[in-house]
Amino acid sequence: MKRSTKIFIIAVLTLLTALGIHLTQEFRFYHLESNWLFLYDWADICARLKMTGGLALVISSFLTQFFRIPLVGVAVTALVYLACGWLIYKVLSRKVPGTAMAGISLLPAAFMFLCLENDYYGYHAHIALLMNLAALYGYVSMRPAACRTLCGAAAVILLYQMTGSVTLVFTVSALIWDLSERGLKGLVSLGYPVVFILMAMLLIRAGRVDSWEKALTPFMYYSRPSTYFFPIYAWASVPLLMLVAVILNRFRFSPSKGMAYAMAGCVAAFLLAGNLYGKVHSRTTYRMIQEQYWAEKDEWDRIIRTADRRQPTYLVSYLNLALAQKGQLVQNFRYYNPQSLASIMLPTPNLKLGLTLQSNVYMAWGYLGSAQKATFDGNLVTPGSLHPRLIQSLIKSNLVLGADEVAEKYITLLEKTIFYRKWAESMRKFLNDVEAVRNDPELGRLHASLPDTDEYARYEGLVGDLRDIYMANPSDRIISQFYELYQILDKEGSR
């Protein structure tokens, strides 16, 4: 195949992969940027490197900080998937020369794509698998065999510390390769699984890994207990593809047949990803991710314009906040919220998305005590406990409430980032300056909304709390609309 033809095929494949990811996961990358916020602080970086899988985590968090820039997350992820496919193909082509295995090499990437549908799955698992595939390619390229065996055992130890339990992929694949290459002499590579299990045992005993489940499975890459079937499929497909290559080693494919098989494998991988995506995709979760992004960008018209009246809408929602921002909440509430009052409730508070929603809505109300609780809890359930937008909310609420030392702690954190540094530095002028807080348009509005009663502990119920905030700042158009609406709903509910 000509070099120009190869470049053209790779370019087309890259564009198709990026387009598919963009159409299905565009807003999820903005959401991923808030996980494991990267701090330009050597102490924090070293602490992460000491973690099991720490190097993959550091590389991942460094990359995801740029996902707030449109299309960067799509481009990086497409390159990661294609790099994984290319490395697998380079390994398999040593058994089956030509292009026959090129398409099917994308199968693990198809399963990796589906992993993004789970909000608790860590992006560093993608980087960890890529690192192991790169190590596997280097391993099979190594000569002589004796040197390769020594390096393989060392690689298992280093990879486990640097990337985590995904090292199992390298361990099993390297064993299969040596058995196929060296026959009975390859049995010496049975030491790799032994080293892997010993590493897991030592890390568990040292308290570096919580359980055997985390030590041996993709569960290590989940921030909360959840299902992890697609990562298992991605991991298992690598050694399975190697077994297929070992079986096909005796066959030789003509260039035309090899290209046909490559195209068929590529189409199969894309069709598999598309078919399974349609079955596991949560439209409700993705919609909330979209609305969260639009709310942060003040794109209230877009939230209203794209609202689906057939879907239940929580009373505390970005849609109702958008209507309030446009001064349309009371008169248009029934149009966009046609469901019964029984279904109008707060979202599940133990999810990061739900807590972020509550934080944003309560901050807009000036309901600072509850906003601060939702913000703090939302930050805790963020994998790295450093959600940049929630930290911004904590800075603002603590400045308004006069907790300047707490606010300064969070300001110092954001000053160690690229994209939030200038904003954090601009907040320093409000420290220990109540007049500056009162004169600021945003902070001053929140300060004016503080009721005369205790701003932290609220006991009167939601309608009573909104009344107190409204009485403190009746000119605020957001709280006045929600208070009027809550009065209406409270009267209807008491009938």
> Among all residues two or more places apart in sequence or in another chain, which pass the ring pair (Phe, Tyr, Trp, His ring centres under 6.0 Å) test with F170?
Replying inline: Y139
> Which residues satisfy the side-chain hydrogen bond (donor to acceptor under 3.5 Å, both in side chains) test with Y123, sequence neighbours excluded?
Replying inline: T77
>> For L175, is there any backbone N or O sitting under 3.5 Å from a side-chain donor or acceptor partner on S189?
In response: no
>> Main chain of A424, side chain of Q392: is a donor-acceptor contact present, judged purely on distance under 3.5 Å?
In response: no
>> Test salt bridge (Lys or Arg N to Asp or Glu O under 4.0 Å) on K409 and E405; report intermediate values, then the result.
In response: CA-CA 6 Å; K409 178 187 72 172; E405 291 184 3; over 6 Å; no
> Any side-chain donor paired with an acceptor under 3.5 Å for T163 and N132?
Replying inline: yes
>> Is the ring pair Y81/H126 parallel, tilted or perpendicular, if the boundaries are 30 and 60 degrees?
In response: tilted
>> Let me confirm one number: the OG1-CD1 distance from T306 to I303, rounded to the nearest 0.5 Å.
In response: 7.5 Å
> Does a side chain donor of either Q290 or E26 reach within less than 3.5 Å of an acceptor in the other side chain?
Replying inline: no
>> One pair to check against side-chain hydrogen bond (donor to acceptor under 3.5 Å, both in side chains): Q372 and N398. What are the steps and the verdict?
In response: CA-CA 8 Å; Q372 199 167 50; N398 280 292; 3.1 Å; yes
> Between D433 and K429, is there a side-chain N and carboxylate O pair less than 4.0 Å apart?
Replying inline: no
> Looking only at side chains, do S141 and R94 share a donor and an acceptor under 3.5 Å apart?
Replying inline: yes
>> Checking S359 against K373: is there a side-chain donor and acceptor pair closer than 3.5 Å?
In response: no
>> More than 12 heavy atoms of other residues, nucleotides or ligands under 6.0 Å from CZ of F66: yes or no?
In response: yes
> At what distance, to the nearest 0.5 angstrom, does CE of M220 lie from CG of L216?
Replying inline: 8.5 Å
> Any chance the rings of Y121 and Y221 have centres within less than 6.0 Å?
Replying inline: no
> With ring centroids as reference points, do W294 and F27 lie under 6.0 angstrom apart?
Replying inline: yes
>> Can a donor-acceptor pair be found, under 3.5 Å and without considering hydrogens, that links the side chain of R445 to the backbone of A364?
In response: yes
> Is L39 close to L413 at the side-chain level, that is, under 4.5 Å between some pair of heavy atoms?
Replying inline: yes
> Between atom NE2 of H124 and atom CG of L57, what is the distance when rounded to the nearest 0.5 Å?
Replying inline: 5.5 Å
>> What I want to find out is whether E435 reaches R438 closely enough, with some N-O distance under 4.0 Å, to be called a salt bridge.
In response: yes
>> Could you check whether E33 and T64, counting side-chain N and O atoms only, form a donor-acceptor pair closer than 3.5 Å?
In response: no
Acceptor/donor pairs from residues 7-22 side chains to any protein atom, 3.5 angstrom cut, sequence neighbours excluded:
residue : atom : partner : partner atom : Å
T14     : OG1  : I10     : O            : 2.7
T17     : OG1  : L13     : O            : 2.8

> Taking only residues two or more places apart in sequence or in another chain, which ones pass ring pair (Phe, Tyr, Trp, His ring centres under 6.0 Å) with Y40?
Replying inline: F38
> Does NZ in K422 sit with more than 12 non-hydrogen atoms of other residues, nucleotides or ligands closer than 6.0 Å?
Replying inline: no
>> Show, in sequence, the C-alpha distance, side-chain angles and deciding distance for S282 and R287, and conclude whether the side-chain hydrogen bond (donor to acceptor under 3.5 Å, both in side chains) test is met.
In response: CA-CA 9 Å; S282 172; R287 172 67 186 180; over 6 Å; no
>> Please report whether the ring centroid of W423 lies less than 6.0 Å from that of Y420.
In response: no
>> Regarding Y318 and N360, do their side chains bring together a donor and an acceptor under 3.5 Å, going by distance alone?
In response: yes
> Which residue pairs pass the salt bridge (charged side-chain N to carboxylate O under 4.0 Å, His left out) test with at least one member in residues 155-181, sequence neighbours excluded?
Replying inline: K95-E181, R148-D178
>> Using side-chain heavy atoms (C-beta onward) and a distance below 4.5 Å, is M142 in contact with C151?
In response: yes
Just list the side-chain donor-acceptor pairs under 3.5 Å for residues 69-76, sequence neighbours left out, or say none.
none

> Checking R302 against Y293: charged group under 6.0 Å from the ring centre and within 45 degrees of the axis?
Replying inline: no
> Do H31 and D119 get their side chains close enough for a donor-acceptor pair, meaning under 3.5 Å?
Replying inline: yes
